[in-house]
There are 2 protein chains.
Amino acid sequence: MKVVHSGEARRASRTGSRNTGIDAPTSPDGLPLDTILRGDCVAQLSRLPARSVDLVFADPPYNLQLQGELKRPDDSRVDAVDDAWDKFESFEAYDAFTRAWLLAVRRVLKPTGTLWVIGSYHNIFRVGAMLQDLDFWILNDIVWRKTNPMPNFRGRRFTNAHETMIWAAREPGAKGYTFNYEALKAANEDVQMRSDWLFPICSGHERLKDETGHKVHPTQKPEALLARVILSASKAGDVVLDPFLGSGTTAAVAKRLGRRFIGIERDATYADAAQARIDAVETLPDLALATAPTAREAPRIAFNALIERGLLMPGTLLTDAKARVRAMVRADGMLSLETAPGLGQIGSIHRAGAIAQGLDACNGWTYWHMDTREGLRPIDSLRARVRSEMAMAAE
Amino acid sequence: MKVVHSGEARRASRTGSRNTGIDAPTSPDGLPLDTILRGDCVAQLSRLPARSVDLVFADPPYNLQLQGELKRPDDSRVDAVDDAWDKFESFEAYDAFTRAWLLAVRRVLKPTGTLWVIGSYHNIFRVGAMLQDLDFWILNDIVWRKTNPMPNFRGRRFTNAHETMIWAAREPGAKGYTFNYEALKAANEDVQMRSDWLFPICSGHERLKDETGHKVHPTQKPEALLARVILSASKAGDVVLDPFLGSGTTAAVAKRLGRRFIGIERDATYADAAQARIDAVETLPDLALATAPTAREAPRIAFNALIERGLLMPGTLLTDAKARVRAMVRADGMLSLETAPGLGQIGSIHRAGAIAQGLDACNGWTYWHMDTREGLRPIDSLRARVRSEMAMAAE
DNA sequence: GAATAGACTGAATCAGGCG
DNA sequence: ACGCCTGATTCAGTCTATT
């Protein structure tokens with residue numbers, strides 16, 4: 001297992017050598033793709049080119065404050081998170097840490113990139129407030145509901161059965177971030193994906209164990225959780241970065257889903273385990289990864305194109321679905337309303353539809369219909385024909 | 001309808017007169033019990049005796065800061081929360097407001113008292129961080145999952161389907177707070193009550209309307225939510241205070257459940273409506289007070305769950321029962337048709353099944369089959385497996 | 001009166017390309 | 001940067017009007 005140290009990683013990238021056993025060419029802007037960078041995440045992030053990463057997933061230390069050992073009712077000790085990396089002197093220290101890595105992440109994010117952070121009530125409120133203070137723009141908070149959480153042993157609180165993720169854009173007003181709405185909806189019984197997700201915790205075969213059978217990492221996240229995050233907010237080929245890679249779940253899932261990854265981890269044991277894990281992952285075939293051409297991304301067709309291609313003749317009468325409103329197709333691609341309200345007014349299919357309904361806006365492609373042998377059909381069916389003809393021609 | 005103004009309330013309490021139609025004696029320490037105090041909550045809280053309240057439920061302004069108008073796909077306007085009381089100049093102003101009311105609440109809380117605050121991602125992170133800064137001690141964060149949230153109309157985010165509550169003790173190491181563990185567990189099919197709760201939003205008869213049929217308050221909370229809070233963290237006869245009473249849900253439920261209430265509200269319209277509502281509430285007989293609402297849900301399984309749980313691998317070929325039609329499972333949970341009609345088209349299991357058959361609709365669960373050692377089996381059998389696993393997890 | 005269709009509603013930080 | 005135009009987008013439920 002070859003693991004690249006930070007300085008070496010940069011050199012290796014520049015020369016285009018293989019870092020992880022798969023082909024890992026350096027991107028034009030010098031990103032060390034498909035690599036684990038070892039060291040402090042702020043230091044490593046500051047060496048990466050600015051505006052180069054599409055998606056960041058961060059699972060920072062939780063700042064847990066257990067007041068001593070936690071015991072089960074049978075007096076056995078719970079193997080809680082008490083590692084040194086999870087200790088902070090104070091909230092101030094934790095905030096300073098959070099501020100530093102968030103700023104470093106903001107620098108490497110593309111303007112269209114987004115950030116996910118996962119946490120529990122111990123730290124997520126501080127992270128969320130800092131995100132807002134630093135002018136990130138929260139898009140959603142997502143609740144990971146655990147099917148099998150650890151019970152509350154003392155019976156003094158509710159079973160802590162969830163963790164919270166914050167999904168944020170780089171800044172207010174950020175446009176063009178990736179959100180695969182249609183795919184998520186199609187995969188969810190054709191209703192919108194909600195902000196509450198249900199997954200089991202990571203256990204069984206998926207949970208990394210060392211030679212002695214102990215878990216390698218105390219907070220290994222389930223791959224299913226990362227898969228939904230990555231499929232939601234990135235495209236195949238995008239660069240996914242995890243500044244607290246830990247056991248490598250983000251990188252392993254990113255690789256499997258055909259994304260490029262950059263992981264940062266300062267603990268050698270974790271980095272070694274993550275590298276071995278990533279090396280064993282195979283990327284799914286392209287066909288299984290292809291993104292559906294969404295309606296939003298489909299090529300734009302001008303109404304004019306229907307006329308130019310002879311699918312619609314000037315002078316044709318269009319109507320609404322109930323054939324109450326009428327409008328005539330003009331040679332210049334505008335419609336002329338022939339019924340009130342708006343009688344005699346001229347506008348695009350969208351404007352004319354809006355005027356006819358007394359609305360501010362209207363999708364003329366679905367509003368206007370034409371008479372065919374099979375009855376009234378929306379002109380959108382003609383647009384679909386043009387689109388498929390164009391696709392054929394492009395082959 | 002008699003409504004007591006702040007000064008009058010104090011006098012009335014001292015003389016033991018009735019304020020709300022039920023017997024409202026002044027407590028030995030001079031608390032104006034079962035009363036709505038009108039005015040700013042910080043000012044009103046500062047007049048109450050210290051260390052006198054058992055439970056505080058607070059629904060502060062969320063600081064939504066909406067950007068513009070939002071319309072539904074049918075072009076109707078969403079009646080958003082744009083009230084003046086929800087507007088703050090900046091995060092700093094919101095933090096100062098939060099700090100002031102939290103400190104005022106801390107003073108009136110008994111050492112054994114606890115505080116609940118509800119919010120959304122717009123404000124809850126700031127509230128949570130401030131709670132920690134002020135040395136409250138977070139016991140749980142609770143997620144209210146809405147059965148019927150407003151959808152995301154633009155398809156640019158996940159449906160915002162939950163709100164978050166923080167449950168906190170007065171200070172670290174606080175002992176003796178009320179948590180009715182056994183009652184909650186008994187009411188929850190004998191499993192511990194979890195941190196994710198499922199309730200519908202407040203609508204129908206429960207939603208207060210004015211004479212013109214408009215909602216009295218834009219953010220009225222459901223009584224079921226408050227009932228679980230109050231039953232969880234207070235005993236009969238305890239004093240429950242709400243510094244942002246609004247439409248009075250906290251007080252109405254507290255009265256029904258045999259608790260004493262103090263509400264603070266600065267808007268006269270809200271206070272009037274709350275008073276009338278509270279007056280109409282009858283306290284339940286003692287015997288009925290022991291029961292809590294139960295939570296049981298029939299799990300709805302998305303096709304995605306099969307992939308996420310590793311029961312179905314991306315790239316797998318599915319067929320119809322006669323193995324004539326073929327489709328490939330994609331990583332994002334959609335199917336890609338590999339046979340005509342619809343060759344190359346992509347959709348959910350239901351859409352793809354419909355396209356393949358030339359129908360408007362199709363139940364993909366029973367239409368699509370997978371090859372197993374026992375021959376073709378409908379994917380519905382996998383769904384059954386996920387359901388039973390989830391049922392096991394819930395036991 | 002019963003059944004059905006259609007209107008209405010809910011704490012929402014809800015677009016993107018081109019000129 | 002700003003403005004204009006195209007054109008994509010909703011779930012669970014209650015209430016009202018109509019058949």
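Every chain is numbered from 1 and lettered A, B, ... according to where its sequence line falls, protein lines coming before strand lines.
Between A:Asp135 and A:Arg106 there is no salt bridge, since no side-chain N of the basic residue sits under 4.0 Å from a carboxylate O of the acidic one. A salt bridge does not link A:Lys185 to A:Asp190: none of the charged nitrogens lies less than 4.0 Å from a carboxylate oxygen. Electrostatic pairing of A:Lys110 and A:Asp238 does not count as a salt bridge here, judged by no charged N lying under 4.0 Å from a carboxylate O. Electrostatic pairing of A:Arg145 and A:Asp196 does not count as a salt bridge here, judged by no charged N lying under 4.0 Å from a carboxylate O. Remark: A:Asp332 engages A:Arg330 in a salt bridge, criterion side-chain N to carboxylate O under 4.0 Å.
Base contact: B:Thr219 has a heavy atom under 4.0 Å from a base atom. Heavy atoms of A:Ser348 sit under 4.0 angstrom from primed sugar atoms or phosphate atoms, though from no base atom. Across all strands shown, B:Asp59 has heavy atoms under 4.0 Å from base atoms, whether or not it also approaches the sugar-phosphate. Using a 4.0 Å heavy-atom distance criterion, A:Glu182 is classed as a sugar-phosphate-only contact. Across all strands, A:Ala295 comes closer than 4.0 Å only to sugar-phosphate atoms, never to a base (heavy-atom distances). At a threshold of 4.0 angstrom between heavy atoms, the contacts of B:Pro60 include nucleobase atoms, whether or not backbone atoms are also involved. Among the protein residues, A:Cys362 comes within range of the nucleic acid bases, having at least one heavy atom under 4.0 Å from a base atom. Across all strands shown, B:Thr159 has no heavy atoms under 4.0 Å from either base or sugar-phosphate atoms. In this structure, A:Ile301 reaches the sugar-phosphate backbone alone: every heavy-atom distance under 4.0 Å involves primed, P, OP1 or OP2 atoms, never a base. At the heavy-atom level, A:Ile138 lies under 4.0 Å from base atoms of the strands shown. Across all strands, B:Lys71 comes closer than 4.0 Å to no nucleic acid atom at all (heavy-atom distances). Within the nucleic acid shown, A:Pro172 has no heavy atom closer than 4.0 Å to any nucleic acid atom.
To the nearest angstrom, C1' of C:dG10 lies 11 Å from CD of B:Glu163. Rounded to an integer number of Å, the gap from A:Glu189 CD to D:dA12 C1' is 16 Å.
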Grab the N/O contacts between the protein and nucleotides 17-19 of chain D below 3.5 Å, and write none if there aren't any.
none

Are there any protein N/O atoms within less than 3.5 Å of an N/O atom in nucleotides 14-16 of chain D, and if so, which ones and at what distance?
none

Enumerate all atom pairs, one protein N or O and one N or O from nucleotides 14-16 of chain C, separated by less than 3.5 Å.
unit_1: C:dC14; atom_1: O2; unit_2: B:Asn152; atom_2: OD1; d: 3.2
unit_1: C:dC14; atom_1: O2; unit_2: B:Phe153; atom_2: N; d: 3.2
unit_1: C:dC14; atom_1: O2; unit_2: B:Arg154; atom_2: N; d: 2.4
unit_1: C:dC14; atom_1: N3; unit_2: B:Phe153; atom_2: N; d: 2.9
unit_1: C:dC14; atom_1: N4; unit_2: B:Pro151; atom_2: O; d: 3.4
unit_1: C:dA15; atom_1: OP2; unit_2: B:Arg154; atom_2: NE; d: 3.2
unit_1: C:dG16; atom_1: OP1; unit_2: B:Arg156; atom_2: NE; d: 3.4
unit_1: C:dG16; atom_1: OP1; unit_2: B:Arg156; atom_2: NH2; d: 2.8

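Spacing between C:dG1 and D:dT16 at atom C1', rounded to whole Å, works out to 16 Å. D:dA8 and C:dA11 have their C1' atoms separated by 25 Å, with the value rounded to a whole Å. Annotation: D:dT10 and C:dA7 have their C1' atoms spaced 15 Å apart (nearest Å). A distance of about 23 Å separates the P atoms of C:dC14 and D:dC5, rounded to the whole Å.
For C:dA11, the base has no donor-acceptor partner in the side chain of B:Lys146 [N/O atoms by modelled type, under 3.5 angstrom]. No N or O donor and acceptor, one from the side chain of A:Arg383 and one from the base of D:dG7, sit under 3.5 Å apart.
The aromatic ring centroids of B:His122 and B:Tyr62 lie 6.0 Å or more from each other.
Comparing A:Asp190 and A:Trp365 by the nucleotide of DNA chain D whose heavy atom lies nearest to each, the residue mapping closer to the 5' end is A:Trp365.
OP1 or OP2 of C:dC8 has not a single side-chain nitrogen or oxygen of B:Arg207 nearer than 4.0 Å. Checking the phosphate oxygens (OP1, OP2) of D:dA8, no side-chain nitrogen or oxygen of A:Tyr367 falls inside 4.0 Å. OP1 or OP2 of D:dG13 has not a single side-chain nitrogen or oxygen of B:Asn148 nearer than 4.0 Å. Within the structure, a side-chain polar atom (N or O) of A:Lys185 is placed less than 4.0 Å from OP1 or OP2 of D:dT10.
Side-chain contact annotation: B:His162 with A:Ser195, donor-acceptor N/O pair under 3.5 Å present. Between A:Asn180 and A:Glu182, the side chains place no donor N or O within less than 3.5 Å of an acceptor N or O (distance only, hydrogens not considered). Side-chain atoms of A:Thr164 and A:Trp144 form no donor-acceptor pair, as typed in the model, at a separation below 3.5 Å. Between the side chains of A:Lys235 and A:Thr178, at least one donor N or O sits under 3.5 Å from an acceptor N or O. In this model, no donor atom of one side chain and acceptor atom of the other lie less than 3.5 Å apart for A:Tyr177 and A:Trp167.
Taking every side-chain heavy atom of A:Ala361 into account, D:dG7 is the closest of C:dA12, D:dG7, C:dG10. Picking from C:dA11, D:dC11, C:dG10 the nucleotide with the shortest atom distance to the side chain of B:Asp79 gives C:dG10.
Paired regions of DNA chain C, where each region holds three or more successive Watson-Crick or G-U pairs whose two hydrogen-bonding distances fall under 3.5 Å, are C:2-10 with D:11-19, C:15-19 with D:2-6.
The salt bridge (Lys or Arg N to Asp or Glu O under 4.0 Å) pairs that include a residue from residues 152-166 of chain B are B:Lys146-B:Glu163, where partners are two or more places apart or lie in different chains.
Evaluation of the salt bridge (Lys or Arg N to Asp or Glu O under 4.0 Å) rule for B:Asp210 yields no partner, not counting sequence neighbours.
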